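Side chains are part of it too, since the values below use all heavy atoms of this structure and drop only hydrogens, waters and symmetry mates. Worth saying up front: this structure is predicted, and the values here are computed from it rather than measured.
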Amino acid sequence: MAKVLVIGSGAREHAIAQTFLRSPKVEQVIVTPGNAGMTDAGLVCENIAATDIPALVKFAQQNHIALTMVGSEDPLTHGVVDTFRAADLKIFGPTAFAAQLEGSKAFAKKILIENEIPTADSEVANSLPEARAVTANFGLPVVIKLDGLALGKGVTIVKTQADLEALLTTTYANNSKQKLVVEEFLAGVEFSIFSFVGENGIVHAPIAQDHKRLLDRDEGPNTGGMGAYSPVRWIDDAVRQQAIDTLVLPAINGIKAAGATFTGILYTGVMLTAQGPKVIEFNVRLGDPEAQMVLPQLESDFYQMILDLVDGKQPTTQWQTSDVYMGVVLAAPGYPVAPEKGLPVPIIDAPDVHVNYAGVKQNATGALITSGGRVVTVISHAKTAHEVAKKLYDVIDSLHTDLQYRHDIAYQALNKEGE
């Protein structure tokens, strides 16, 4: 039986590890560095930083790791896949070159434009005067993106001139050479496609819809994600396939044309506009919290699927179609600006409800306390969005916790079911 290594520390990596553990071919999953909430049988945390690539390679060699999967984006842009491959270790993820699709929004735009992939019009600014001039070309609302990794929080939709000036002034006061990507605002319905890509195979997961804003009714600041659901039944298969054909596959082919093969996970953020699907963004790993809803839907062997992709084969997979999976993120007070640490994490024990842990650690008595922004994702599933929402919120609302959460996750699905 195999040992699997998962690189990362959040709820996404917890979900990845749990999915590997369902395989009869997997003996143990090691998560580096993991977190104190990852106590599943067969799961071990090893305190190696996700970006300490030499230590990760040495650990994989010494512990006879059969397969490594990268959960978080930082090690990918630092070249962990390139280094593992050079050491003849099996790893699933994109190379540092391909990881620029997430690591550099300017690089992603270049791939989009060169391959005529539908997306928002955009321009790049490298200084405050440039940014003021460029944003004037777009009008309001306008989308401002920090170039580089921003942990899901580097995008701002600006609606007023006063807010725009404040954002630009603050940004360039902090870094006078900050590269900004300025985009037109796209109106429509947003959803996410996760594609598991090998050199000779590809698997598209059920689509998901996440909720980035902190507060109900999509108000408040952007976060890494406050909840999600999947599948998105009210977006039909023809639209999903159109997005795959016009957005996903051309991007993969565009990386090949640029001189590198894309392997790993391509996360395509899609806006369904009146003109059809358009790309909002690319990421090169599973989304968090979407992974926590998507991965439990896989009924076939996850380990075999990833191994087949790494080995250049086309996997045979089976996904559930009967239920809606939904997750609500509980975050520390003060998140996303200054999350409070040291608060008690509620114990959640309810039928058909499970938890993936993120920003937690143990206190002196062994109890879990908050150590980061997003603390846990609470997940369940049912035949309809209404049923799963009631099940989850009945549990969460009874916790009497100081942790903050949205009360309207999957509101679009709920509205559609009510029509």
Side-chain angles (χ1 to χ4, degrees), residues 6 8-19 21 29 31 33-41 43 45 71-72 151-153 208 210-216 220 223-230 286-296 325-363 365-382 388-410:
V6 176
S9 63
R12 167 184 51 216
E13 287 75 31
H14 196 182
I16 291 170
Q18 288 175 336
T19 312
L21 284 169
V29 177
V31 186
N35 67 62
M38 296 182 183
T39 57
D40 309 66
L43 196 164
C45 295
S72 51
L151 304 177
K153 299 186 283 287
D210 76 336
H211 301 64
K212 287 290 189 189
R213 297 284 185 161
L214 179 69
L215 305 175
D216 292 0
T223 70
M226 294 301 293
Y229 70 97
S230 174
L286 284 168
D288 184 341
E290 299 100 315
Q292 294 91 288
M293 282 96 256
V294 170
L295 291 177
Y325 283 68
M326 174 178 159
V328 179
V329 172
L330 309 186
Y335 175 76
V337 178
E340 292 185 34
K341 298 181 179 180
L343 298 177
V345 176
I347 296 171
I348 300 169
D349 184 12
D352 297 323
V353 173
H354 76 278
V355 168
N356 290 136
Y357 288 95
V360 299
K361 66 178 183 180
Q362 287 182 324
N363 64 11
T365 66
L368 291 179
I369 57 174
T370 61
S371 65
R374 292 185 295 172
V375 178
V376 296
T377 310
V378 188
I379 305 116
S380 191
H381 61 96
V388 67
K390 184 179 189 312
K391 185 191 298 188
L392 275 180
Y393 282 116
D394 281 352
V395 171
I396 296 169
D397 291 342
S398 69
L399 294 175
H400 306 295
T401 178
D402 290 331
L403 302 181
Q404 58 176 327
Y405 58 93
R406 280 183 60 157
H407 305 79
D408 64 345
I409 300 302

If only atom types and distance count, is the side chain of [X] paired as donor or acceptor with the main-chain N or O of [Y] below 3.5 Å?
{"X": "T377", "Y": "V328", "answer": "no"}
{"X": "H211", "Y": "G227", "answer": "yes"}
{"X": "K361", "Y": "I369", "answer": "no"}
{"X": "R374", "Y": "G224", "answer": "yes"}
{"X": "Q404", "Y": "A332", "answer": "yes"}
{"X": "S9", "Y": "G34", "answer": "no"}
{"X": "T370", "Y": "L343", "answer": "yes"}
{"X": "D210", "Y": "A228", "answer": "no"}
{"X": "T223", "Y": "R213", "answer": "no"}

How many angstroms lie between atom [atom1] of [X] and atom [atom2] of [Y], to the nearest 0.5 angstrom?
{"X": "K391", "Y": "I379", "atom1": "NZ", "atom2": "CD1", "value": "12.5 Å"}
{"X": "D40", "Y": "Y357", "atom1": "CG", "atom2": "OH", "value": "9.5 Å"}
{"X": "L330", "Y": "L399", "atom1": "CG", "atom2": "CG", "value": "7.0 Å"}
{"X": "Q18", "Y": "M38", "atom1": "CD", "atom2": "CE", "value": "8.5 Å"}
{"X": "I347", "Y": "T401", "atom1": "CD1", "atom2": "OG1", "value": "11.5 Å"}
{"X": "Q292", "Y": "L286", "atom1": "CD", "atom2": "CG", "value": "9.0 Å"}

Which heavy-atom pair separates [X] from [Y] by the least distance, and what is that distance?
{"X": "V29", "Y": "A17", "value": "CG1-CB, 3.7 Å"}
{"X": "P336", "Y": "L214", "value": "CD-CD2, 4.1 Å"}
{"X": "L403", "Y": "P333", "value": "CD2-CD, 4.3 Å"}
{"X": "M226", "Y": "A331", "value": "CE-CB, 4.1 Å"}
{"X": "V294", "Y": "A208", "value": "CG2-CB, 4.1 Å"}
{"X": "A350", "Y": "V395", "value": "CB-CG2, 3.7 Å"}

Quiz item: side-chain contact (heavy atoms from CB on, under 4.5 Å) between Y405 and D397: does it pass, once the steps are laid out?
Solution: CA-CA 10 Å; Y405 58 93; D397 291 342; 2.6 Å; yes
Exercise. Decide yes or no on side-chain contact (heavy atoms from CB on, under 4.5 Å) for L368 and Q362, but give the supporting numbers first.
Key: CA-CA 5 Å; L368 291 179; Q362 287 182 324; 4.1 Å; yes
Exercise. Decide side-chain contact (heavy atoms from CB on, under 4.5 Å) for S230 and E290; before the verdict, give the C-alpha distance in whole Å, the side-chain angles of both, and the deciding distance to 0.1 Å.
Key: CA-CA 8 Å; S230 174; E290 299 100 315; over 6 Å; no
